[in-house]
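Since the structure comes first, as structure tokens, the remarks are kept for the end.
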Number of protein chains: 2
Amino acid sequence: MHETAELLKEHQLKATPQRIKIVRMLEEHGHINIEDLYSQMLEEFPSVSLATIYKNINQMIESGLIQEVKIPKTKSVFELIKEPHLHMVCDKCGKIEDICVGTDRVIEEAQKLSGYDIKESFITLRGTCPDCR
Amino acid sequence: MHETAELLKEHQLKATPQRIKIVRMLEEHGHINIEDLYSQMLEEFPSVSLATIYKNINQMIESGLIQEVKIPKTKSVFELIKEPHLHMVCDKCGKIEDICVGTDRVIEEAQKLSGYDIKESFITLRGTCPDCR
DNA sequence: CTGCAAAAGAAAATTATTTTCTTTTAAGCC
DNA sequence: GGCTTAAAAGAAAATAATTTTCTTTTGCAG
């Protein structure tokens, strides 16, 4: 039935209404920060606690369902984990977009130069989006 | 004389002993977080205030002398601004290294795909360094 | 339908960062 | 070199962000 509930259970998390709402918001917005998560949550669950948001976000991170995206000069946002991608941040409207572009070459090049065994990449590019130009 | 003092003055910042020490630490370590900055500062200036660290770091960021590097799953570090580069973070020892590798192609590719006018890039790669393998 | 481990909510505690206010000091000027 | 002053330092309080604790509620396995 509820596919969101299934997703939570696959990650060993009880499918509570609050958690389902969080996942739905992440699915809908792609990226969302704690503040927005909380204020949107309040609309549907007027007595939700901020501690619930934090606790759930942390559990979802631990379970590998979501990840935190730290953005220079701005608040962190959270997103469902999916295939590797990079983040475009618009310096005018603040919009964040995912771009699936081959980062393989940078990683390969960096691997060669540094001798590191690279496991994860976090790439954020800041600029002005087409709508704001 | 003091080249560090000159650097501060070029950025319209009074060359106080505390600021000189901060810049020296950044030059020496490359990357350093608030906590380490504070504890090392205490050795030389036993009565330094944490507020002084924060205020100076913020002023140095505003003046374009340094920048904050936000790292997934870890505390932010600060570094002197220099030519574009990427950050390698070792998941074993926590060491952070700069790599000057051509990120131009990712940026170009992303620019083409997204239509953004890209101004800055923040690239962090996580993996295991040669020493920890 | 029942029992219980886990989650929610409320409030307090902790940690991180900023602000305020008073004292001290770097640096331009004579 | 001493004087002036705007800016910085330091101390403490204030604010913001996040976590913890504790009690009540609830999802879900049996």
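Because the structure is a prediction, the values reported are computed rather than measured. Every chain is numbered from 1 and lettered A, B, ... according to where its sequence line falls, protein lines coming before strand lines.
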Positions of residues 57-79 of chain A (non-hydrogen atom under 4.0 Å from DNA chain C), listed by number: A:Q59

Cluster companions of A:I71 among Ile, Leu, Val, Met, Phe, Trp, Tyr (side-chain spacing under 4.5 Å): A:V69, A:V77, A:V89, A:I96

Where A:C93 and A:C90 come nearest, the two heavy atoms and their spacing: N-SG, 3.4 Å

Between C:dT17 (P) and B:Y54 (OH): distance, integer Å: 3 Å

Below 4.0 Å: OP1/OP2 of C:dG9 and any side-chain N or O of A:Q18: yes

For DNA chain C, the residues among residues 42-52 of chain A that have a non-hydrogen atom under 4.0 Å from it: A:S47, A:V48, A:S49, A:A51, A:T52

Residues which pass side-chain contact (heavy atoms from CB on, under 4.5 Å) with B:D104, listed by chain and number, not counting sequence neighbours: none

A:E120: partners by side-chain contact (heavy atoms from CB on, under 4.5 Å), with sequence neighbours left out: A:F122, B:K73, B:R126

B/S/- contact track for nucleotides 25-30 of chain D, protein heavy atom under 4.0 Å: --BS--

Nearest-angstrom distance from the residue atom NZ of A:K55 to P of D:dC22: 13 Å

Where B:L113 and A:C100 come nearest, the two heavy atoms and their spacing: CD1-O, 4.2 Å

Heavy-atom side-chain contact between A:I34 and A:K75 under 4.5 Å: no

Angle between terminal axes - the helix from C:dC1-D:dG30 to C:dC30-D:dG1, 5 pairs each end, rounded to 10°: 50°

Nucleotide C:dA8, atom P - distance to NZ of A:K21 in whole Å: 15 Å

Value in whole Å for how far the P atom of D:dA8 lies from CE of B:M41: 14 Å

Pair listing, salt bridge (charged side-chain N to carboxylate O under 4.0 Å, His left out) test, anchored in residues 77-88 of chain B, at least two apart: B:K82-B:D98

B:E35 CD to C:dT17 P, straight-line distance once rounded to whole Å: 10 Å

Euclidean distance, atom CG of residue B:N56 to atom C1' of C:dT17 [Å, nearest integer]: 14 Å

Pairs involving residues 42-97 of chain A, ordered by first then second residue, that meet ring-ring contact (aromatic ring centres under 6.0 Å, His included) (sequence neighbours left out): A:H31-A:H87, A:H85-A:H87

Nearest-0.5 Å distance that lies between atom CD1 in A:I107 and atom NZ in A:K119: 13.5 Å

Check ion pair B:E44-B:R24 (N to O, under 4.0 angstrom): no

Set of side-chain hydrogen bond (donor to acceptor under 3.5 Å, both in side chains) partners for A:Q40, sequence neighbours left out: none

A:L8 CG - C:dA6 P separation (whole Å): 16 Å

Path from B:I99 to B:I81 over hydrophobic side-chain contacts below 4.5 Å: no

Set of residues satisfying side-chain contact (heavy atoms from CB on, under 4.5 Å) with respect to B:L80, sequence neighbours excluded: B:V23, B:L26, B:E27, B:L65, B:I66

Atom-to-atom span, CD of B:Q12 to P of D:dA8 - whole angstrom: 11 Å

Contacts of A:Q12 that satisfy side-chain contact (heavy atoms from CB on, under 4.5 Å) - sequence neighbours left out: none

